[in-house]
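First the structure, in the form of structure tokens, and then the observations on it.
Quick note on labels: first sequence line is chain A, next is B, and so on, each numbered from 1. Owing to the predicted nature of the structure, the values given are computational and were not obtained by experimental measurement.
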There are 2 protein chains.
Amino acid sequence: MKESIVKDRILDTASRLFYDQGYHVTGINQIIDEADIARASLYNHFASKTDLLLAYLDRTHDLWFRELENTLAPLSTSRDKLLALFDFRIQRQRNSGYRGCHFNKITAEASEDEAVFQRVKVHKERFREFIRHLVKQTWHRHMLDDDALTDAIFLLLEGGIALGAMFRNSEDAEKAKRIVLSLL
Amino acid sequence: MKESIVKDRILDTASRLFYDQGYHVTGINQIIDEADIARASLYNHFASKTDLLLAYLDRTHDLWFRELENTLAPLSTSRDKLLALFDFRIQRQRNSGYRGCHFNKITAEASEDEAVFQRVKVHKERFREFIRHLVKQTWHRHMLDDDALTDAIFLLLEGGIALGAMFRNSEDAEKAKRIVLSLL
DNA sequence: GTCTATAAAATGATAGAC
DNA sequence: GTCTATCATTTTATAGAC
């Protein structure tokens, strides 16, 4: 359908601008301009700018976990998969200019909105459980118990990505990976 | 001087609103309204809204390290001081509604601005070196070398605070502290 | 130095033609 | 469903009186 193409183009453009520039600094004008669609077409597909934001978050969440699972699928051991979590996110940051986690970013801008807040929590909690699942499959004895190791990996990775946005590089995420390596 | 009082009130109000609501969502109108000053008074003391933002970042940076040093001063061992870093930041988050690190927040909104970007880097780098200095003073043997332990503490703490903003609690920062406890 | 009044531009959103 | 024209607000910033 032709309508889908327009809707996708709106969402693609908005997603890129929301992440690259920020949500509030991105105006409707710029979105319709860069997506090359009419003003009212946007409001035909999305009820409001907030609605567009929620669609962006939902799609980002879905794509994020799909890409993650595709990346880990070829790996055989859970240890390799845990280490690949870092490579996955470092690679994504490299490709998108080190602007950090989408959900950390939007928390800083629009977390007063309850619908946004809920989506952020769901995303991060799912990732935490994803890690926990992998940790429980590892056979080796660790110096930390399963829950502590899960928390450590999660915290080190989130800290590394957040600092990566503040320094515009992946050094801290790489350091986080090395620390996890010594904890496994 | 009377002028200083006005200037301080502008900066106090702007700082509160920038952190609580966000930078872009806070308009000049709201600042002059809540600070109860005239429109032109703001532009008499600050050249632009960006200038006000930079003043906010500079003052936050200065106050942050002064409070940190005051908090750690009564403690005798560097081990206690390292653990108190977590308490310091958890307490600050508790008192300010869990909106996370000021510098992480502004990175998400205005890191394209080179002057903002520089201040964020300086703040975080100074904190990293602050941690490193304490780590080097600890006498016990660690399972990680000094640099790795410094990175681990830094990453775990930053991760914990960032997640605290996303979940609006201090659970992850508390977990980070416990993990550091087992690493020391 | 502080004030009020105002400017020029951009904001999110809607009406109505096709 | 897509379009152009337009709405009422709000934005940052300035001019000029006191």
Side-chain angles (χ1 to χ4, degrees), chain A residues 1-58 105-106 108-117 119, chain B residues 1-58 105-106 108-116:
Chain A
M1 312 169 188
K2 202 173 177 185
E3 37 168 336
S4 296
I5 294 177
V6 170
K7 185 169 184 177
D8 281 351
R9 200 160 63 223
I10 296 170
L11 192 48
D12 286 346
T13 306
S15 297
R16 173 173 56 80
L17 294 173
F18 288 168
Y19 183 64
D20 288 356
Q21 303 183 339
Y23 172 69
H24 283 115
V25 89
T26 299
I28 294 292
N29 294 331
Q30 192 181 6
I31 296 172
I32 63 157
D33 206 47
E34 297 200 15
D36 197 35
I37 50 106
R39 191 158 205 75
S41 290
L42 191 152
Y43 287 98
N44 195 13
H45 290 290
F46 301 95
S48 65
K49 192 188 174 189
T50 300
D51 196 53
L52 186 52
L53 171 61
L54 298 181
Y56 150 68
L57 292 177
D58 286 340
K105 265 204 101 170
I106 203 61
E109 285 207 85
S111 63
E112 314 300 305
D113 187 315
E114 197 61 29
V116 172
F117 183 52
R119 281 164 173 80
Chain B
M1 311 168 188
K2 202 175 178 184
E3 37 166 338
S4 296
I5 293 178
V6 171
K7 183 169 184 176
D8 281 352
R9 202 161 60 224
I10 295 170
L11 192 48
D12 286 346
T13 306
S15 297
R16 174 173 54 80
L17 293 174
F18 287 167
Y19 183 63
D20 288 357
Q21 303 183 339
Y23 173 69
H24 283 115
V25 88
T26 299
I28 295 292
N29 293 332
Q30 190 181 9
I31 295 172
I32 64 159
D33 205 47
E34 297 199 17
D36 197 34
I37 50 105
R39 189 158 208 76
S41 290
L42 190 152
Y43 286 98
N44 195 14
H45 291 289
F46 302 94
S48 65
K49 193 189 174 189
T50 300
D51 196 54
L52 186 51
L53 170 61
L54 298 180
Y56 150 69
L57 292 177
D58 286 340
K105 265 204 101 171
I106 203 60
E109 285 207 86
S111 62
E112 314 301 306
D113 187 315
E114 197 60 29
V116 171

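As rounded to whole Å, 12 Å separates atom C1' of D/dT11 from atom OH of B/Tyr23. At whole-Å resolution of the value, CZ in B/Phe46 and P in D/dT14 are 15 Å apart. Between the CD1 atom of B/Ile28 and the C1' atom of C/dA10 there is a distance of 15 Å, given to the nearest Å. The separation between A/Tyr43 atom OH and D/dT4 atom P is 16 Å, rounded to whole Å. A/Asn44 has its CG atom 15 Å from the C1' atom of C/dC18, to the nearest Å. In this entry the distance linking CZ of B/Arg9 with C1' of C/dT2 reads 12 Å, nearest Å. Following rounding to the nearest Å, A/Lys49 (NZ) and C/dT14 (P) show an atom-to-atom distance of 15 Å. Between B/Lys7 atom NZ and C/dT2 atom P the separation is 11 Å, expressed in whole Å.
Put simply, CD on B/Glu109 and OG1 on B/Thr26 are 8.0 Å apart, with the number rounded to the nearest 0.5 Å.
Take the nearest nucleotide of DNA chain C for A/Ala47 and for A/Gln30: the residue whose nucleotide is more 5' is A/Gln30. Comparing A/His24 and A/Ala40 along DNA chain C, the residue whose closest nucleotide (by nearest heavy atom) sits nearer the 5' end is A/His24.
Contact check for B/Arg16 versus B/Thr13: side-chain heavy atoms found under the 4.5 Å cut-off. Side-chain contact between A/Leu52 and A/Ile31 is present, with heavy atoms from C-beta onward closer than 4.5 Å.
In this structure, A/Lys49 contributes its side chain and A/Ile28 its backbone to no donor-acceptor pair below 3.5 Å.
Between A/Ser41 and the phosphate of D/dG1, there is no side-chain N or O to OP1/OP2 separation shorter than 4.0 Å. Proximity of A/Asn29 to the phosphate of C/dG12: no side-chain N or O atom is located under 4.0 Å from OP1 or OP2.
Within 4.0 Å (heavy atoms only), A/Thr50 reaches no atom of the nucleic acid at all.
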